[in-house]
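Step one of this worksheet: look at the structure below.
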Protein chains: 2
Amino acid sequence: MSNSTPATIEDVARIANVSIATVSRAIHMPEKVANSTRLKVNQAIAVTGYTTNAMARSLRLGRSNMILVVAPDIGDPNFSNILIGLENEARSHGYGILIGHTQNDAQRGLEYLKFLNSNQAAGLILFTGILPFGHQTMTARLPPSVGVFEPVFNGGIPYVGVDDIAGARKAVDLLIAEGHRKIAFIGDSRTRLAYSRRRMGYEAGMDAADISANLRIVFEGDGTIESGRLAVEQLFMRDTLPTAFMCVNDQTAIGVMIGLKARGYDIPGDFSVTGFDDVPQAVFMTPSLTTIRQPRTAIGKHAMALLLELLSDGQPAETEILLRPDLVVRNSVSAPSRIRR
Amino acid sequence: MSNSTPATIEDVARIANVSIATVSRAIHMPEKVANSTRLKVNQAIAVTGYTTNAMARSLRLGRSNMILVVAPDIGDPNFSNILIGLENEARSHGYGILIGHTQNDAQRGLEYLKFLNSNQAAGLILFTGILPFGHQTMTARLPPSVGVFEPVFNGGIPYVGVDDIAGARKAVDLLIAEGHRKIAFIGDSRTRLAYSRRRMGYEAGMDAADISANLRIVFEGDGTIESGRLAVEQLFMRDTLPTAFMCVNDQTAIGVMIGLKARGYDIPGDFSVTGFDDVPQAVFMTPSLTTIRQPRTAIGKHAMALLLELLSDGQPAETEILLRPDLVVRNSVSAPSRIRR
DNA sequence: CCATGCTATGTAAACCTTTACATATAACGT
DNA sequence: ACGTTATATGTAAAGGTTTACATAGCATGG
């Protein structure tokens, strides 16, 4: 019982006085074994404290119970909440989660390949829109995979994300409802497809409100705090200013707020600002940031569920799952001031 | 090469015209094999794209190349940065990281036990001060383990953390240097040992400045935002108020700031506030929070290094590694106002 | 030139499972 | 009562690796 080496299936078989095959069946196909035998086996398992050796099992099955999760930055607050969803779903199905972060470095990605090639991971969750592995020949050998947040570039991989267009639409519609017409979109169309979809939502909202093109101001940054600050600087050089800044993500919104405050403006008195993502600090900003919430835990849960389904069926039921993002109204939006301009 | 099933050591052996034992040795004990043979083997490996099957290897060795990391809450911002350090160190030594979060639920912890018992993880990193597994009999079978942040209750497990006493001392010394005498400590001595050490730092600093006991106000909360807010409410009911709030962590500090602002006070004009941890949002608070930074990535790196050492040597070189926390001066501290009281 | 020891390699067992196949027993229909 | 089918269990191979042990070649020292 408190033996030094863990019990094997043979120990159980000996004690239960059956063959090892029967023990294995009692565990994994209980209906195939007689009630009385199953009882004996279960007792023997309890006595020995036996647990199936996952290594041996995976070796025999040619498939592990690990899922590799690769993200560019595991420190990203957007990441950790999704991780919770992934983890919960995986664990409840007997799977474990293997973490990898690439820091956008292809070399790093390659190192994780090892876990896949060596059969240590049965499936792959990708947080980045591109395959982290240089070799495109790899795709042939890629295990069942699911993308998170945005479609994976090379295609053929189902993904779970948020309806970015609808989310952005909610933000722009709020601003329009508050009376704004001249709304700037501070975007980042280069790095991520999801971001360009948010811009599509912006344009659609402006279209729907019949706001002419010359009232639309689009600044393309790179999704960082600094780029938000920079956007403000640049826009202030033009003759016409927006009354509201709709930002492609919260980071950009934070930058915009910093830029506006540095110039002495009041938010939302002088300018309204919206973000997208609802990162944890959004609520602690002054003013707290009105933004679009990503249902992060749900995204993780769905992504893992889809992957597990892929793992057992081979075919994905859906190729794209888009969850509904919610508008979170806080204090960074109000009606445009009539005094100014 | 682009075969459907991955190459095995036998494929390599056949092509290199040697035995599988030689291939294995060429890979893992290169000095034991003749130069010419090693060359042949390496070429064959390149041709086949062979990677060692980790399952088979672990099965044979009775030890895996995975480290299980168990934390109560993987969404905690304190956690994710440490994870980066852990991950980097592990990967550079060929280890992978398995994630588990218990949500302080013993049942959950037990589920992760499975990964250990079944040989899927060779070592354990514990983020919680107590063993997450109910059975204390387990300790006998516990694999090499390292605690992070604070000592593990049951003892015998080395840990890596921050010098909480010295860190707290820096905070209280700053406040005293600014001229504060009546400094409240908003603590949380119940949940974590690290927190009670921070209080020790507070007391030591007050002692050193010869500040009498009746000027010391200690409120014991539970380390949450809400408990910080509550502390303010309670202290305002007393006749004497502090001029500064030294908080056991940033969450509490955020709560204190919310409470003070709700009463219309200015920070740091009316009251100074310090935190501990330097969570990501600390810099975005208004005013930005003066706090003590935990060297998180370094903690992770050291913890993993210690564990890997443990794994190979069996004996830990050190039983406790305390890193130096740094004071981060921002805008929530100033001299006490002379006007008031 | 032989005994000895060292170096490089091969053979085969072991690690622990799962499962195809074989076998034995029981049940059933005619 | 007998052939057929279903049910329950056992036997043994296979999965890919590492390594103790065996072997062969070769140099070294006397």
Side-chain angles (χ1 to χ4, degrees), chain A residues 3-42 44-45 48-66 94 114-120 122, chain B residues 3-42 44-45 48-66 94 114-120 122:
Chain A
N3 216 345
S4 61
T5 65
T8 74
I9 200 171
E10 289 208 60
D11 298 327
V12 177
R14 196 176 330 108
I15 293 183
N17 204 30
V18 294
S19 76
I20 59 170
T22 301
V23 175
S24 178
R25 277 189 285 254
I27 296 172
H28 300 289
M29 325 153 74
E31 74 285 356
K32 285 285 193 184
V33 72
N35 283 334
S36 56
T37 324
R38 193 165 355 126
L39 203 68
K40 279 194 298 179
V41 171
N42 286 338
I45 288 177
T48 54
Y50 169 77
T51 344
T52 304
N53 180 316
M55 292 326 201
R57 174 158 222 259
S58 298
L59 173 61
R60 179 61 231 247
L61 259 45
R63 175 167 54 88
S64 88
N65 63 147
M66 291 288 145
K114 197 175 50 188
F115 289 120
L116 298 174
N117 278 345
S118 65
N119 277 337
Q120 280 197 88
Chain B
N3 217 344
S4 60
T5 65
T8 75
I9 200 171
E10 291 207 58
D11 299 326
V12 176
R14 196 177 330 109
I15 293 183
N17 204 30
V18 294
S19 76
I20 60 170
T22 301
V23 175
S24 179
R25 276 189 286 255
I27 296 173
H28 300 289
M29 325 155 74
E31 73 285 355
K32 285 287 193 182
V33 73
N35 282 335
S36 57
T37 325
R38 194 171 348 131
L39 203 69
K40 280 193 298 179
V41 170
N42 285 339
I45 288 178
T48 54
Y50 169 77
T51 344
T52 304
N53 181 316
M55 293 326 201
R57 174 158 221 258
S58 299
L59 173 60
R60 180 59 233 248
L61 260 44
R63 175 166 53 88
S64 87
N65 63 147
M66 292 286 144
K114 198 175 49 188
F115 289 119
L116 298 174
N117 279 345
S118 65
N119 276 338
Q120 279 195 93

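This structure is a prediction, so every number in the text was calculated from the model and none was measured.
Look at NZ on B:Lys32: it is 16 Å from P on C:dG10, rounded to the nearest Å. Atom CG of A:Asn35 is separated from atom P of D:dT9 by 10 Å (rounded to the nearest Å).
A distance of 10.0 Å separates CG in A:Leu61 from CE in B:Met55, rounded to the nearest 0.5 Å. To the nearest 0.5 Å, the span separating OG on A:Ser24 from CZ on A:Arg57 amounts to 7.5 Å.
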Donor-acceptor contacts under 3.5 Å from residues 15-23 of chain A side chains, at least two apart:
from, atom 1, to, atom 2, distance (Å)
A:Ser19, OG, A:Ala21, N, 3.4
A:Ser19, OG, A:Thr22, N, 3.3
A:Ser19, OG, A:Thr22, OG1, 3.3

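In the helix from C:dC1-D:dG30 to C:dT30-D:dA1, the end axes, each obtained as the rotation axis mapping the C1' atoms of four pairs onto the next four within a five-pair block, lie 40° apart to the nearest 10 degrees.
The backbone N or O of A:Val33 sits nowhere less than 3.5 Å from a side-chain atom of A:Thr37 that would complete a donor-acceptor pair. A donor-acceptor contact shorter than 3.5 Å is absent between the side chain of B:Thr52 and the backbone of B:Ala54.
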Which protein N or O atoms sit under 3.5 Å from an N or O of nucleotides 4-7 of chain D?
none

Extract from the structure each pairing of a protein N or O with an N or O of nucleotides 11-20 of chain C at less than 3.5 Å, listing the distance.
from, atom 1, to, atom 2, distance (Å)
C:dA14, N3, B:Arg60, NH1, 3.3
C:dT17, OP1, A:Tyr50, OH, 2.7
C:dT17, OP1, A:Asn53, N, 3.3
C:dT17, OP2, A:Ile9, N, 2.6
C:dT17, O5', A:Tyr50, OH, 3.2
C:dT18, OP1, A:His28, NE2, 2.7
C:dT18, OP1, A:Arg57, NE, 2.5
C:dT18, OP2, A:Ser24, OG, 2.7
C:dT18, O2, A:Arg60, NH1, 2.2

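For A:Thr37, no side-chain nitrogen or oxygen approaches OP1 or OP2 of D:dA8 to under 4.0 Å.
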Inset, instruction - Evaluate the side chain to side chain contact (heavy atoms under 4.5 Å, CB included) criterion for residues B:Phe115 and A:Thr51: first the C-alpha distance (whole Å), next the side-chain angles of each, then the deciding distance (0.1 Å), finally the verdict. - result: CA-CA 10 Å; B:Phe115 289 119; A:Thr51 344; over 6 Å; no
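For residues 7-19 of chain A, the set of pairs meeting the salt bridge (Lys or Arg N to Asp or Glu O under 4.0 Å) definition, not counting sequence neighbours, comprises A:Asp11-A:Arg14.
Under the side-chain hydrogen bond (donor to acceptor under 3.5 Å, both in side chains) criterion, B:Arg25 pairs with no residue at all, not counting sequence neighbours.
Side-chain N/O atoms of A:Asn65 and B:Gln120 include a donor and acceptor closer than 3.5 Å.
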